[in-house]
Asks: 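Let me begin by handing over the structure; questions about it come next.
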Amino acid sequence: QTDAEAEALGGCAEVRGALGVGPSFSLRSLAGLARIARVGDGLDGSDNVERGGVFLPALVAVEGNLVIENNRQIATASLHHLAAVGGDLIVRDNRSLLRLDLGALRRVGGRIEIAGHPALDMVALDHLESAGELVIEDNPAWPADEVDRLEHALGP
């Protein structure tokens, strides 16, 4: 919930249990989490007021659910090395979100939900091969042809 708590995890490369980032009124940086490559029971980054972005450059796998929800100031979420999510991937109601980089993501064991982002205009999901369900709604700035291409690539 604070920058100091995030910094205390600076040497950590794996979290075997769940990792909660927030809720917080003061957390501004995730720099202390930059080395985390794996999270065992899920990652929840919800209800943060001050954080302007989500940057987890080493993260490659989340065994459980990955949730980024209701963060007021996040303009960019960059999880560009994330390859697999074992549960659901929920990115919802981040009103300032412009860019979502999940360019290395290949598999999601559960549902992908990307919803409630009025300004979201760039989503990288270039390598996605499988997901249990795809829910994309209320993202009016995301080009419809890109959404159609993604839905078509995953099939019925």
Side-chain angles (χ1 to χ4, degrees), residues 13-24 27 29-31 33-156:
E14 180 176 355
V15 175
R16 292 188 180 147
L19 177 59
V21 180
S24 177
L27 181 64
S29 173
L30 298 181
L33 309 179
R35 294 190 59 220
I36 294 177
R38 297 187 176 281
V39 177
D41 286 341
L43 172 58
D44 188 340
S46 298
D47 300 311
N48 293 284
V49 174
E50 293 296 325
R51 201 171 67 231
V54 174
F55 304 102
L56 297 171
L59 189 66
V60 295
V62 175
E63 301 291 325
N65 296 333
L66 171 56
V67 179
I68 301 171
E69 181 175 31
N70 197 33
N71 296 285
R72 292 186 190 168
Q73 302 298 323
I74 289 176
T76 301
S78 181
L79 306 168
H80 58 274
H81 288 117
L82 180 66
V85 174
D88 294 337
L89 170 62
I90 309 294
V91 182
R92 181 173 48 213
D93 295 329
N94 301 288
R95 308 306 285 173
S96 299
L97 188 64
L98 300 170
R99 310 268 185 278
L100 177 60
D101 185 353
L102 299 165
L105 187 63
R106 294 193 178 279
R107 292 180 317 280
V108 175
R111 169 184 84 204
I112 296 175
E113 180 180 340
I114 302 172
H117 305 104
L120 180 64
D121 64 1
M122 195 292 292
V123 178
L125 273 167
D126 307 330
H127 298 293
L128 187 62
E129 297 169 357
S130 66
E133 179 185 3
L134 182 63
V135 177
I136 298 174
E137 55 192 26
D138 299 325
N139 305 297
W142 189 358
D145 62 328
E146 290 180 20
V147 174
D148 291 343
R149 195 171 25 250
L150 179 60
E151 290 173 338
H152 181 72
L154 289 177

Asks: What is the distance from atom CG of Leu134 to atom CD of Glu151, rounded to the nearest 0.5 Å?
Replies: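 So the gap between those two atoms works out to 5.5 Å.
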Asks: Minimum heavy-atom separation for Arg72 and Ser96, please, with both atom names.
Replies: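 Minimum heavy-atom separation between Arg72 and Ser96: O-OG, 2.9 Å.
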Asks: Among Val62, Leu33, Leu82, find the residue that satisfies the side chain to side chain contact (heavy atoms under 4.5 Å, CB included) test when tested with Leu56.
Replies: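 Passing option: Leu33.
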Asks: Are the side chain of Asn71 and the backbone of Gly45 linked by a donor-acceptor contact shorter than 3.5 Å?
Replies: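 Yes, the answer is positive, given that a donor and an acceptor are paired below the 3.5 Å cut-off.
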Asks: Do side-chain atoms of Asp148 reach the backbone of Glu146 as a donor and acceptor pair under 3.5 angstrom?
Replies: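 Side chain of Asp148 to backbone of Glu146: no pair is present.
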Asks: Where is the tightest heavy-atom contact between Pro118 and Ala141, given as atom of each residue plus distance?
Replies: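 So the two residues come closest at O-CB, 3.7 Å.
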Asks: In Å and rounded to the nearest 0.5 Å, what is the CG to CG distance from Leu98 to Asp121?
Replies: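 Rounded to the nearest 0.5 Å, the CG-CG separation comes to 6.0 Å.
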Asks: Any chance you could lay out the side chain to side chain contact (heavy atoms under 4.5 Å, CB included) test for Arg111 and Val135, step after step, and finish with the verdict?
Replies: CA-CA 7 Å; Arg111 169 184 84 204; Val135 177; 4.0 Å; yes
Asks: Decide yes or no for Val54 and Thr76: does some side-chain heavy atom of the first lie under 4.5 Å from some side-chain heavy atom of the second?
Replies: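 Of all side-chain heavy-atom pairs linking Thr76 with Val54, none is under 4.5 Å.
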Asks: Looking at side-chain heavy atoms only, is the closest gap between Leu102 and Leu100 below 4.5 Å?
Replies: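 Yes - at least one pair of side-chain heavy atoms lies under 4.5 Å apart.
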Asks: For the CD atom of Glu69 and the CG atom of Asn48, what is their distance to the nearest 0.5 Å?
Replies: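 Result: 11.5 Å between the selected atoms.
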Asks: Please determine whether side chain to side chain contact (heavy atoms under 4.5 Å, CB included) holds for the pair Arg92 and Asn94, giving the CA-CA distance in whole Å, both sets of side-chain angles, and the decisive distance to 0.1 Å.
Replies: CA-CA 6 Å; Arg92 181 173 48 213; Asn94 301 288; 5.5 Å; no
Asks: Show your working on side chain to side chain contact (heavy atoms under 4.5 Å, CB included) between Leu19 and Ile36 and close with a plain yes or no.
Replies: CA-CA 10 Å; Leu19 177 59; Ile36 294 177; 4.1 Å; yes
Asks: Considering only NZ, NE, NH1 and NH2 on the basic side and carboxylate oxygens on the acidic side, decide whether Arg38 and Glu14 come within less than 4.0 Å.
Replies: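 Salt bridge flag = no for Glu14 with Arg38.
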Asks: Run the numbers on Leu43 and Val67 for side chain to side chain contact (heavy atoms under 4.5 Å, CB included), then give the verdict.
Replies: CA-CA 6 Å; Leu43 172 58; Val67 179; over 6 Å; no
Asks: Whether the side chain of His117 engages the backbone of Leu97 through a donor-acceptor N/O pair (distance < 3.5 Å, no angle test) should be reported.
Replies: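 No: the side chain of His117 does not pair with the backbone of Leu97.
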Asks: Using every non-hydrogen atom in the two residues, find where Ala34 and Ala58 come nearest and quote the distance to one decimal.
Replies: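 The pair with the smallest heavy-atom distance is O-CB, 3.2 Å.
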Asks: Can any side-chain N or O of Ser46 pair as donor or acceptor with the backbone N or O of Ile68 at less than 3.5 Å?
Replies: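 Checked: no pair found.
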Asks: Do we see a donor-acceptor contact under 3.5 Å between the side chains of Asn70 and Asp47?
Replies: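 Yes, because at least one side-chain N or O of Asn70 sits under 3.5 Å from a partner of the opposite role on Asp47.
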Asks: Identify the two heavy atoms, one from Leu120 and one from Arg99, that lie closest to each other, and give their separation to 0.1 Å.
Replies: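 For Leu120 versus Arg99, the nearest heavy atoms are CD1-N, 3.9 Å.
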Asks: Testing the basics here: between Gly40 and Glu63, what is the closest heavy-atom pair and its distance to 0.1 Å?
Replies: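 Result for this residue pair: O-CB, 2.6 Å.
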Asks: So does Arg107 pair up with Glu129, basic N to acidic O under 4.0 Å?
Replies: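 No, no charged N to carboxylate O under 4.0 Å.
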Asks: Charged N to carboxylate O below 4.0 Å: is that the case for Arg16 and Asp41?
Replies: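 No.
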Asks: Say you draw a straight line from CG of Asp145 to NE2 of His152; how long is it, rounded to the nearest 0.5 Å?
Replies: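 Atom-to-atom, Asp145:CG and His152:NE2 are 13.5 Å apart.
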Asks: Would you say Asp88's side chain and Ile90's backbone share a donor-acceptor pair under 3.5 angstrom?
Replies: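 Side chain of Asp88 to backbone of Ile90, a donor-acceptor pair under 3.5 Å: no, none is there.
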Asks: Taking all heavy atoms of Gly17 and all of Val39, pick out the closest pair and write down the distance.
Replies: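 Nearest pair, atom of Gly17 first, then Val39: O-CG1, 3.7 Å.
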Asks: Within this structure, what is the CH2-CG distance for the pair Trp142 and Leu150, rounded to the nearest 0.5 Å?
Replies: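 So the gap between those two atoms works out to 5.5 Å.
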Asks: Taking side chain as C-beta onward, heavy atoms only, is Leu79 less than 4.5 Å from Leu66?
Replies: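 Yes, at least one pair of side-chain atoms sits under 4.5 Å.
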